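Inspection log for the structure reproduced underneath, given as structure tokens.
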Number of protein chains: 2
Amino acid sequence: MQATSLYQPVQERLDGVVDGLREMAKQRFPLLSELLDYVFSAPGKRMRPAITLLASNFSPHDETLTNTMATAVEMLHIATLIHDDTVDDSALRRGRATISKLWGDNAAVLVGDYIFAASGTFVCDTGNIRVIRRFAETIMELSSGELQELSDIFNPNQTKEQYFERIYNKTASLFTTASESGAVLSGLSENYVGALRDFGYNLGMAFQIVDDILDFDGTEQEIGKPVGNDLVHGILTLPALIAMERYPNDNVIPELFKHPGDEDLLQRAVDMVKDTSILTECYAIAGDYCGKAQSSIMSLPRNPARDSLEEIIVFVTARRV
Amino acid sequence: MQATSLYQPVQERLDGVVDGLREMAKQRFPLLSELLDYVFSAPGKRMRPAITLLASNFSPHDETLTNTMATAVEMLHIATLIHDDTVDDSALRRGRATISKLWGDNAAVLVGDYIFAASGTFVCDTGNIRVIRRFAETIMELSSGELQELSDIFNPNQTKEQYFERIYNKTASLFTTASESGAVLSGLSENYVGALRDFGYNLGMAFQIVDDILDFDGTEQEIGKPVGNDLVHGILTLPALIAMERYPNDNVIPELFKHPGDEDLLQRAVDMVKDTSILTECYAIAGDYCGKAQSSIMSLPRNPARDSLEEIIVFVTARRV
């Protein structure tokens with residue numbers, strides 16, 4: 001399934017957002033233009049800005065506001081990816097070389113800062129302080145999520161509660177803001193705003209859990225990185241945490257964390273996760289979040305935007321990439 | 001001269017701002033607390049927040065707003081320093097090890113992002129969209145200034161115009177915003193807001209030019225880094241640009257840029273700048289900006305805050321650190 005067909009009710013507006021990003025790349029000095037052109041022309045699911053636009057489709061309103069917000073949301077997501085790739089020392093992102101790889105870490109840090117700030121000026125253009133403030137808090141949450149991950153690297157003593165807090169910060173936070181801001185800026189009642197915020201939160205949690213499952217379950221070709229990549233980098237995700245809970249004695253994961261890079265231990269850890277019902281359990285947890293996302297929007301009037309949000313829920317669990 | 005004695009009319013409020021920063025360090029997870037505690041307890045001139053507070057001292061107003069703004073301004077400055085030190089690979093900042101040195105580049109990138117965003121939430125608390133927008137634009141300017149510097153590294157073909165644009169972005173931009181926001185949030189008329197914006201701009205330009213002079217003129221002990229450090233890193237500042245303009249034939253600087261790290265060429269370049277009237281010419285240019293900063297505030301009512309702003313102008317040119 002092509003992600004883009006999901007967004008049918010707002011596809012035209014979304015295309016406008018993506019074109020707007022490419023326009024932004026025309027900057028005064030060459031290095032900045034090149035960098036922006038490279039990042040804004042990269043392919044992407046555009047799921048977050050699509051959610052902002054869909055969430056705004058329950059009430060007629062000034063669409064320049066929500067288009068601007070959707071642009072800001074996508075820019076924030078892109079800025080985050082640039083800094084994450086720098087921090088993770090990743091060479092590839094969606095099959096293309098990363099900014100750090102091509103222009104070096106320094107340019108990546110600075111262009112990330114630039115796009116963070118530029119996204120902030122877009123949100124300012126909405127003129128809505130509530131949304132602006134929520135946006136700034138989201139950037140704090142995104143960076144604390146990454147810092148939490150960094151601080152627990154190769155630490156085998158983590159809880160599922162810590163995991164859920166971390167994935168809220170690093171992923172669900174922006175999904176929540178994407179959805180909530182579309183609702184607020186289109187002037188929905190607080191009930192509907194709350195419903196769409198809950199939708200964003202639950203969808204974001206499910207999205208990240210599925211991401212963490214695919215790290216074990218996908219093929220290298222599908223996910224664009226080696227299977228078990230999180231464990232290689234010392235990151236404990238839900239499948240690994242359940243595996244350690246289920247087999248507390250002589251578990252191979254703490255052993256692997258003591259010997260990072262040991263291929264044999266890695267293979268044994270991946271096999272332990274894959275050869276059991278652990279991934280099924282993880283899918284069930286993601287499914288719970290999807291169920292909650294689904295219930296959240298049941299109070300909204302049925303229209304093509306709601307249908308599209310429901311299809312996004314299905315896509316998030318079924319996706320392989 | 002102790003920088004702090006300069007800020008007498010707002011010293012108590014400034015101390016409150018600095019204490020507020022330290023309070024912020026009490027965060028939920030240890031790594032973030034440690035990082036914030038380390039950066040917020042570092043000594044600093046606190047010149048930018050002092051300017052915000054002084055600029056707000058021409059009209060009675062709700063001081064919680066301008067205290068909050070001053071906090072945001074100092075946080076933004078600190079976030080910038082953290083990313084700059086990471087990009088420049090600096091080991092020391094004001095005699096203390098940098099975050100990158102102690103916790104690694106990754107933590108430095110992420111905690112910088114966190115503090116950028118946190119500063120944004122403080123500005124949101126002022127509830128003033130004009131100021132919030134200006135603040136986001138300032139972050140864009142700061143990062144483009146750094147990107148411009150990066151893009152012209154070891155490039156001998158640069159103009160003074162490019163230099164002035166770059167130092168506006170990397171330094172004067174935040175001075176302008178610091179001063180202007182204090183004026184706006186204390187409810188001054190547009191005339192006075194304009195006067196204080198001009199003050200900030202001209203002071204910021206002078207500040208950076210003096211910084212660039214001290215890179216040649218200071219001793220290693222005074223400036224905390226080797227003399228000629230900018231040239232070592234391939235950065236052309238005003239003294240070097242004037243030297244190349246004055247001695248276009250067989251100038252040693254392009255030669256040095258072809259052989260980075262050559263100690264002999266570096267010494268000859270530094271001597272060329274120091275043995276001539278170039279630094280005097282640079283001080284004269286900085287002096288011009290100071291004169292304009294001085295004229296800008298002549299229209300403001302004379303009060304202790306204006307006296308203090310005038311003393312800051314003198315301090316900026318006379319400083320050795």
Side-chain angles (χ1 to χ4, degrees), chain A residues 27-32 34-35 79-80 83-84 86-89 103-153 162 165-166, chain B residues 27-32 34-35 79-80 83-84 86-89 103-153 162 165-166:
Chain A
Q27 288 295 321
R28 261 193 300 188
F29 61 100
L31 176 64
L32 185 57
E34 275 169 46
L35 288 165
T80 310
H83 279 189
D84 290 355
T86 312
V87 166
D88 299 343
D89 205 17
W103 280 272
D105 284 354
N106 295 349
V109 170
L110 295 172
V111 80
D113 289 351
Y114 184 89
I115 300 173
F116 271 125
S119 72
T121 63
F122 275 73
V123 185
C124 285
D125 288 341
T126 67
N128 187 307
I129 297 252
R130 171 180 176 179
V131 164
I132 299 170
R133 201 197 149 81
R134 185 65 213 118
F135 195 77
E137 286 167 355
T138 305
I139 307 183
M140 287 173 75
E141 287 166 349
L142 293 167
S143 50
S144 9
E146 292 295 325
L147 272 169
Q148 283 169 312
E149 195 168 284
L150 186 68
S151 106
D152 277 326
I153 227 155
Q162 286 172 306
E165 192 191 324
R166 203 171 73 205
Chain B
Q27 288 294 321
R28 261 194 300 188
F29 62 98
L31 176 64
L32 185 57
E34 274 169 46
L35 288 165
T80 311
H83 280 188
D84 290 355
T86 311
V87 166
D88 300 343
D89 205 16
W103 281 271
D105 284 354
N106 295 349
V109 170
L110 295 171
V111 79
D113 289 351
Y114 183 89
I115 299 173
F116 271 125
S119 74
T121 63
F122 275 74
V123 185
C124 285
D125 287 341
T126 68
N128 186 306
I129 297 251
R130 171 181 176 180
V131 164
I132 298 171
R133 201 196 149 83
R134 185 65 213 120
F135 194 77
E137 285 167 356
T138 305
I139 306 184
M140 287 173 76
E141 287 166 349
L142 294 167
S143 50
S144 13
E146 293 294 325
L147 272 169
Q148 282 169 314
E149 196 168 282
L150 186 68
S151 102
D152 278 327
I153 227 155
Q162 286 172 305
E165 191 192 325
R166 203 172 73 204

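All figures in this text were calculated on a predicted structure; none of them were measured in a lab. Every chain is numbered from 1 and lettered A, B, ... according to where its sequence line falls, protein lines coming before strand lines.
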Would you mind checking which part of [X] comes under 4.5 Å of any heavy atom in chain B, side chain (CB onward), backbone (N, CA, C, O), both or neither?
{"X": "D105(A)", "result": "neither"}
{"X": "L142(A)", "result": "neither"}
{"X": "F116(A)", "result": "side chain"}
{"X": "D152(A)", "result": "neither"}

So which atom in [X] and which in [Y] form the shortest heavy-atom distance, rounded to 0.1 Å?
{"X": "E137(B)", "Y": "T121(A)", "value": "N-CG2, 3.8 Å"}
{"X": "L110(A)", "Y": "L150(B)", "value": "CD1-CD2, 4.3 Å"}
{"X": "I129(A)", "Y": "N128(B)", "value": "CD1-N, 4.1 Å"}
{"X": "V87(A)", "Y": "N106(B)", "value": "O-ND2, 2.9 Å"}
{"X": "S151(B)", "Y": "L31(A)", "value": "CB-CD2, 3.2 Å"}
{"X": "A117(A)", "Y": "A136(B)", "value": "CB-O, 3.6 Å"}

S144(A): partners by side-chain hydrogen bond (donor to acceptor under 3.5 Å, both in side chains), with sequence neighbours left out: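 So S144(A) forms no side-chain hydrogen bond (donor to acceptor under 3.5 Å, both in side chains) with any residue.
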
Max heavy-atom pair count under 4.5 Å with chain B, selected residue of V123(A), D113(A), I139(A):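 Sorted descending by pairs with chain B, the first entry is D113(A).
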
For D84(B), all residues meeting salt bridge (Lys or Arg N to Asp or Glu O under 4.0 Å), sequence neighbours excluded: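 D84(B) satisfies salt bridge (Lys or Arg N to Asp or Glu O under 4.0 Å) with no residue once adjacent residues are dropped.
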
With a 4.5 angstrom heavy-atom cut-off, could you sort out which part of [X] is near chain A: side chain, backbone, both or neither?
{"X": "E141(B)", "value": "neither"}
{"X": "I115(B)", "value": "neither"}
{"X": "F29(B)", "value": "side chain"}
{"X": "S119(B)", "value": "neither"}

4.5 Å side-chain heavy-atom contact, R133(A) and D125(B):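 The answer is yes, as the side chains (C-beta and beyond) meet within the 4.5 Å cut-off.
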
Choice from H83(B), Q162(B), E146(B) maximising heavy atom contacts with chain A below 4.5 Å: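 The option with the most such pairs is H83(B).
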
